[in-house]
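Notes follow the structure.
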Amino acid sequence: MSGMEPLALYIHWPFCLAKCPYCDFNSHVRERIDQARFFRALRTELAWEAARLGRRPLASIFFGGGTPSLMDPATVAALIADATTLFDPLPNLEITLEANPTSVEAARLRDFAEAGVNRISIGVQSLNPIDLARLGRQHTPTEAIAALELARARFPRLSFDLIYARPGQTLSAWRCELRQALALAADHLSLYQLTIEPGTAYEALHRQGQIILPDDDTAAALYDATAEEAANFGLQPYEISNYAQPGSESRHNLAYWRYHDYAGIGPGAHGRVSLGDTLIATRRHRAPEPWAQRVETQGHGSTAEEIVAPEERGREMLLMGLRLAEGIDAARFATRTKKSLIDAIDHQTLARAIDAGYITWDNTRLRATGEGRKRLDSLLTALVL
Amino acid sequence: MTKTDLSHIRNFSIIAHIDHGKSTLADRLIQTTGALSAREMTEQVLDSMELEKERGITIKAQTVRLTYKALNGEVYTLNLMDTPGHVDFAYEVSRSLAACEGSLLVVDASQGVEAQTLANVYQAMDANHEIVPVLNKIDLPAAEPDRVKQQIEDVIGLDASEAVMISAKSGINIDGVLEAIVHRLPPPIGDASAPLKALLVDSWYDAYLGVVILVRIKDGRMKRGQKIRMMSKGSTHNIEQVGVFAPRMTPVDDLGPGELGYITAAIKTVADCNVGDTITDDRAPAAEALAGFKPSIPVVWCGLFPIDADDFEKLRESLGKLRLNDASFHYEAESSAALGFGYRCGFLGLLHLEIIQERLSREFDLDLIATAPSVVYRLERNDGTEEELHNPADMPDPTLIKTISEPWIKATIMVPDDYLGSILTLCNERRGQQVDLTYVGNRAMAVYRLPLNEVVFDFYDRLKSVSRGYASFDYAMDGYEEGDLVRISILVNQDPVDALSFIAHRSQADKRGRSICEKLKDLIPKQLFKIAIQAAIGGRVIARETIGALSKDVTAKCYGGDISRKRKLLDKQKEGKKRMRQFGKVEIPQSAFLAALKMDG
């Protein structure tokens with residue numbers, strides 16, 4: 001029954017202390033934040049969403065942003081309490097919060113743990129002081145290391161992010177930094193190659209030629225080195241940019257990639273939720289204050305919602321699912337999209353991709369290999385009908 | 001305007017390297033003679049004409065008529081002619097220069113003689129022009145007039161002892177230039193009572209007036225209402241308007257011998273007005289035409305195909321509009337297995353081809369694929385039938401062909417002897433046959449016979465680069481000759497791409513095949529799968545290259561909020577792919593088609 005799809009719940013806190021020059025997320029800098037107002041609005045919208053979804057199993061909660069570690073811990077606690085009351089929490093409910101490693105935020109880790117957060121994801125980004133400053137980060141490597149050590153003691157599960165393929169970064173420098181990071185890591189790491197996103201400060205620098213990205217051969221070498229180093233520390237690449245000890249994958253993020261139901265609460269949050277046999281793409285108003293105002297007047301901050309048709313479901317599931325090392329289960333694809341997996345892809349490309357070692361297909365599971373995942377964007381363009 | 005007797009007319013052009021002050025001097029001449037008021041002189045007049053050219057009439061000549069009262073108290077009519085300057089339009093340039101008796105050679109007094117100056121000055125000499133050297137920018141601290149005068153004498157072989165010393169920008173000695181035009185350039189000669197003979201210098205299409213013809217009267221007179229005849233075509237027209245450029249179009253009663261001006265005669269397309277033709281009076285025609293008329297025959301052909309097949313109709317209309325104003329360009333419908341429906345188009349040369357392509361994309365907003373340029377071959381089949389081949393893709397099976405003939409040219413190359421060696425090497429590489437080699441001072445003149453297909457791609461570029469720009473080049477068609485020619489096909493992942501096939505001499509086939517494969521390897525971006533590129537003659541592969549698969553292309557971050565965006569991006573890419581030309585599942589960028597066939601040394 002699609003009504004019984006376990007739910008992944010995303011809650012967006014849209015504020016940051018400063019906007020990082022590479023970031024295109026829905027984040028905003030305010031001199032003063034009316035914590036109480038946004039707390040009320042998030043609770044209201046959560047209740048509204050829960051009312052239409054009905055009681056269903058709750059698999060994960062993820063506080064993202066923005067910088068959710070700037071939230072009042074009491075707000076986090078109350079939202080967790082609401083969610084676990086409105087839905088049926090599964091026994092191993094995963095509750096993740098994204099945090100920045102400044103000393104102020106590190107000091108609140110204990111409060112977040114007490115609020116019920118059981119997994120923390122820290123935006124370290126780099127262990128090199130000069131690069132941290134270039135990335136516009138507010139913390140130092142020393143603070144990052146201190147925050148990681150504190151977090152290890154407080155939370156059963158810990159992940160952190162690094163950005164690599166930074167301007168001027170050599171392969172050996174990255175290996176060296178990554179080994180240092182792996183020594184600090186627990187069960188999970190997110191390792192992202194720097195991407196120039198439209199509308200960011202980095203885009204302008206890139207256009208002016210002040211940021212030069214590595215060519216595809218160098219990017220591939222950096223990517224391969226990353227997987228190799230991570231494997232030495234027992235972290236396996238389970239998604240394009242995510243590495244974990246087996247069993248420690250982010251269950252919340254797996255819900256996106258496996259194309260399960262997820263609800264998005266808060267400004268700019270997206271969702272895919274089943275209502276009966278219909279799959280709806282949900283979206284909230286992006287700007288924080290207008291969003292809050294909508295919630296206050298109409299109970300939710302939704303903008304236009306769309307029904308996701310079977311073909312579109314198929315495409316979405318393919319472009320998310322092939323990011324995972326495990327690939328896509330054909331049976332699950334058929335239930336979720338009402339289409340057969342083999343009918344959703346170009347057979348000629350499939351044959352060539354299998355031949356080139358990019359794809360494996362055994363009639364039950366379609367997987368992109370490591371080589372295939374490295375070229376996934378081109379592969380999807382050719383493969384997906 | 002009053003009629004001017006021949007002794008009071010001077011027709012001249014200005015020869016100068018870019019930035020040596022041609023436009024500024026022209027402006028000063030216009031201003032000093034009062035053709036435009038100071039208020040009207042806010043913009044450079046010739047420069048605005050350059051813009052006009054850039055927008056469209058790129059190969060068109062322009063004139064300005066000036067009235068000058070000389071120091072001797074006499075009033076003169078001075079016609080300044082501005083000419084195009086590329087070898088593609090060598091014939092058009094020679095007709096422009098044939099409309100004048102003299103030239104000013106403007107040289108920057110600090111920079112000295114530069115490459116571009118040379119080719120132009122020799123063309124003026126060929127036209128028997130009297131040439132007056134003018135040293136410009138003499139007020140600049142870096143000016144070295146004595147050195148530059150010496151250089152003019154050494155390099156060009158022109159007496160520069162009486163060069164006019166000026167600064168066009170500061171307005172120094174502009175009168176000196178005007179006096180030199182009057183006293184040192186010869187007046188035209190002609191007979192007003194003889195039957196009309198007027199040289200058709202150029203023509204262009206004007207939306208209001210129809211075709212405007214620029215003429216130089218040799219003998220006789222032209223006036224409104226006169227019935228004229230084009231001597232090469234025999235077509236007749238009634239003159240509606242006669243005028244001069246002063247510098248705006250200004251109607252006059254009539255034009256007499258030695259005068260430059262324009263006529264309109266309700267002519268619909270410039271195709272009826274061949275540059276170099278002689279215009280005469282239909283009722284009292286001249287017995288013979290002026291010497292040197294050549295109909296414009298396209299020598300280079302290539303296919304133009306819309307990238308979006310829906311643009312075919314738009315391409316047809318756009319070509320029609322361009323043809324209104326440029327009779328030297330021809331087109332006929334063509335279809336290609338790889339590229340769909342398009343047009344096979346004929347041009348005077350490669351620059352002409354690039355200009356037309358540029359105009360189609362800029363003015364008509366068309367995205368086009370241009371195939372490799374080709375010359376016109378003549379085939380004789382075994383059954384004795386003969387045909388012309390404009391397109392290598394149309395070449396019949398070699399077993400059906402008895403002979404293939406290709407066009408040859410006779411090329412004259414003038415070059416300082418320091419560069420002669422590399423020029424001779426270049427000509428020999430291109431199957432050239434030396435006809436003559438002579439020296440004029442330290443300049444050599446080499447006359448070569450060359451197959452045109454060795455020249456169409458990039459001969460001119462190579463010539464310029466091996467001579468550092470000092471070589472001047474001119475050519476005339478020199479008949480057809482049988483040759484051992486083969487068609488080379490290009491295969492991408494085993495699929496032949498008809499638009500990339502070309503014809504070459506058997507002795508060059510391997511080298512050209514290798515070169516194009518190497519080029520395509522650089523021009524085609526790496527893709528998901530590796531790509532095999534081959535060159536083949538018939539079934540025999542003569543060269544191959546492999547483009548490896550791209551090594552990384554994946555979005556680093558993709559979470560719940562990114563799905564819609566990613567899906568829409570995917571939809572858009574798929575839409576884009578549908579419009580993209582694919583060959584053997586490979587996308588070939590349009591730039592590859594022209595660039596691939598250019599030969600580098």
Side-chain angles (χ1 to χ4, degrees), chain A residues 8 10 12 25-26 62 64 163 165 190-195 215-223 239-241 252-253 255-257 259 262 264 268-272 281 283 306 308 312 315-316 319-320 323 348-349 352-353 355-356 358 371 373-382 384-385, chain B residues 307 338 491-495 497 520-534 544-589 592:
Chain A
Y10 177 79
H12 191 79
F25 280 25
N26 186 27
F62 194 103
I163 294 173
S190 297
L191 306 169
Y192 301 108
Q193 282 205 0
L194 177 64
T195 309
D215 61 35
D216 72 323
D217 285 340
T218 314
L222 283 163
Y223 187 79
E239 191 262 354
I240 304 286
S241 303
H252 182 83
N253 289 336
Y256 301 139
W257 299 316
Y259 206 51
Y262 58 95
H270 287 247
R272 289 287 181 280
R283 196 153 49 97
E306 298 169 19
V308 190
E312 291 165 343
R315 286 186 191 173
E316 292 193 341
L319 67 89
M320 295 308 268
R323 296 183 66 86
Q348 208 184 338
T349 306
R352 295 182 75 193
D355 205 39
Y358 296 156
E371 290 303 303
R373 292 204 299 279
K374 250 191 317 199
R375 302 163 173 92
L376 191 62
D377 290 359
S378 299
L379 184 57
L380 286 168
T381 314
V384 177
L385 285 179
Chain B
I307 289 190
L491 299 96
V492 172
N493 282 351
Q494 270 70 49
D495 277 4
V497 182
L520 284 169
K521 186 179 177 176
D522 293 336
L523 289 163
I524 300 176
K526 285 191 199 172
Q527 294 172 29
L528 181 60
F529 300 109
K530 64 177 200 272
I531 302 163
I533 298 167
Q534 295 168 313
R544 75 179 77 231
E545 289 285 341
T546 304
I547 302 173
L550 60 80
S551 35
K552 186 169 182 287
D553 173 31
V554 59
T555 309
K557 282 191 181 189
C558 189
Y559 295 97
D562 302 310
I563 297 187
S564 309
R565 193 159 53 114
K566 283 283 286 178
R567 175 169 45 90
K568 275 166 196 157
L569 191 68
L570 194 71
D571 292 350
K572 220 163 100 181
Q573 282 170 338
K574 298 204 85 69
E575 199 48 47
K577 261 182 128 62
K578 265 186 225 154
R579 293 159 52 112
M580 193 96 144
R581 304 289 178 185
Q582 290 207 6
F583 309 92
K585 283 258 160 197
V586 175
E587 292 150 23
I588 302 183

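Letters A, B, ... mirror the listed sequences (proteins, then strands); counts begin at 1. As the structure is a prediction and not an experimental result, all values here were calculated from the model. Below, all heavy atoms of this structure are taken into account, side chains as well, without hydrogens, waters or symmetry copies.
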Inset, instruction - Provide the full list of salt bridge (charged side-chain N to carboxylate O under 4.0 Å, His left out) pairs with a residue in residues 554-564 of chain B, sequence neighbours left out, each pair given once. - result: B/Asp562-B/Arg565
Legend entry - Option that, when pairs with chain B are counted at under 4.5 Å, heavy atom only, ranks first among A/Ala353, A/Ala221, A/Ala269: A/Ala353
Inset, instruction - Side chain from CB out, backbone as N, CA, C, O: work out which of these in A/Arg323 comes under 4.5 Å of a heavy atom of chain B, or both, or neither. - result: side chain
Inset, instruction - Mind ranking A/Lys374, A/Met320, A/Arg373, A/Glu239 by heavy-atom pairs under 4.5 Å with chain B and telling me who comes out on top? - result: A/Lys374
Inset, instruction - Tell me, for A/Leu380 versus chain B, whether the close heavy atoms (under 4.5 Å) come from the side chain, the backbone, both or neither. - result: both
Legend entry - Test side chain to side chain contact (heavy atoms under 4.5 Å, CB included) applied to A/Asp377 and B/Leu570, B/Leu528, B/Leu550, B/Thr555, the passing residue: B/Thr555
Legend entry - Distance in Å, A/His270 NE2 paired with B/Ser564 OG, rounded so as to fall on 0.5 Å steps: 6.0 Å
Inset, instruction - Search all heavy atoms of B/Ala549 against all heavy atoms of A/Arg375 and return the closest pair with its distance. - result: CB-NE, 4.5 Å
Inset, instruction - Under 4.5 Å heavy-atom distance to chain B, tell me which part of A/Tyr262 shows up: side chain, backbone, both or neither. - result: side chain
Legend entry - B/Phe529 CZ to A/Asp355 CG distance, which is reported to the nearest 0.5 Å: 8.5 Å
Inset, instruction - Specify whether A/Trp257 and B/Tyr559 have parallel, tilted or perpendicular ring planes, treating 30° as the upper limit for parallel and 60° as the lower limit for perpendicular. - result: tilted
Legend entry - Least distance between heavy atoms, A/Gln193 atom then B/Ala556 atom: O-CB, 3.5 Å
Legend entry - Part of A/Leu191 within contact of chain B (heavy atom distance under 4.5 Å): neither
Legend entry - Side chain to side chain, A/Ser378 and B/Gln527, heavy atoms closer than 4.5 Å: no
Legend entry - Heavy-atom contact with chain B under 4.5 Å, split by part of A/Ala219: both
Inset, instruction - Determine whether B/Ile563 and A/Tyr259 make a side-chain contact, defined as any pair of heavy atoms from C-beta on separated by less than 4.5 Å. - result: yes
Legend entry - Part of A/Leu379 lying under 4.5 Å from any heavy atom of chain B: both
Inset, instruction - Identify whether the distance between the nearest side-chain nitrogen and carboxylate oxygen of A/Asp217 and B/Lys526 falls below 4.0 Å. - result: yes
Inset, instruction - To the nearest 0.5 angstrom, please state how far the OG atom of B/Ser551 sits from the OH atom of A/Tyr223. - result: 13.0 Å
Legend entry - Interatomic distance, A/Arg315 atom CZ to B/Lys566 atom NZ [nearest 0.5 angstrom]: 13.5 Å
Inset, instruction - Measure the shortest side-chain to side-chain distance between B/Arg567 and A/Glu312 over non-hydrogen atoms and say whether it is less than 4.5 angstrom. - result: yes
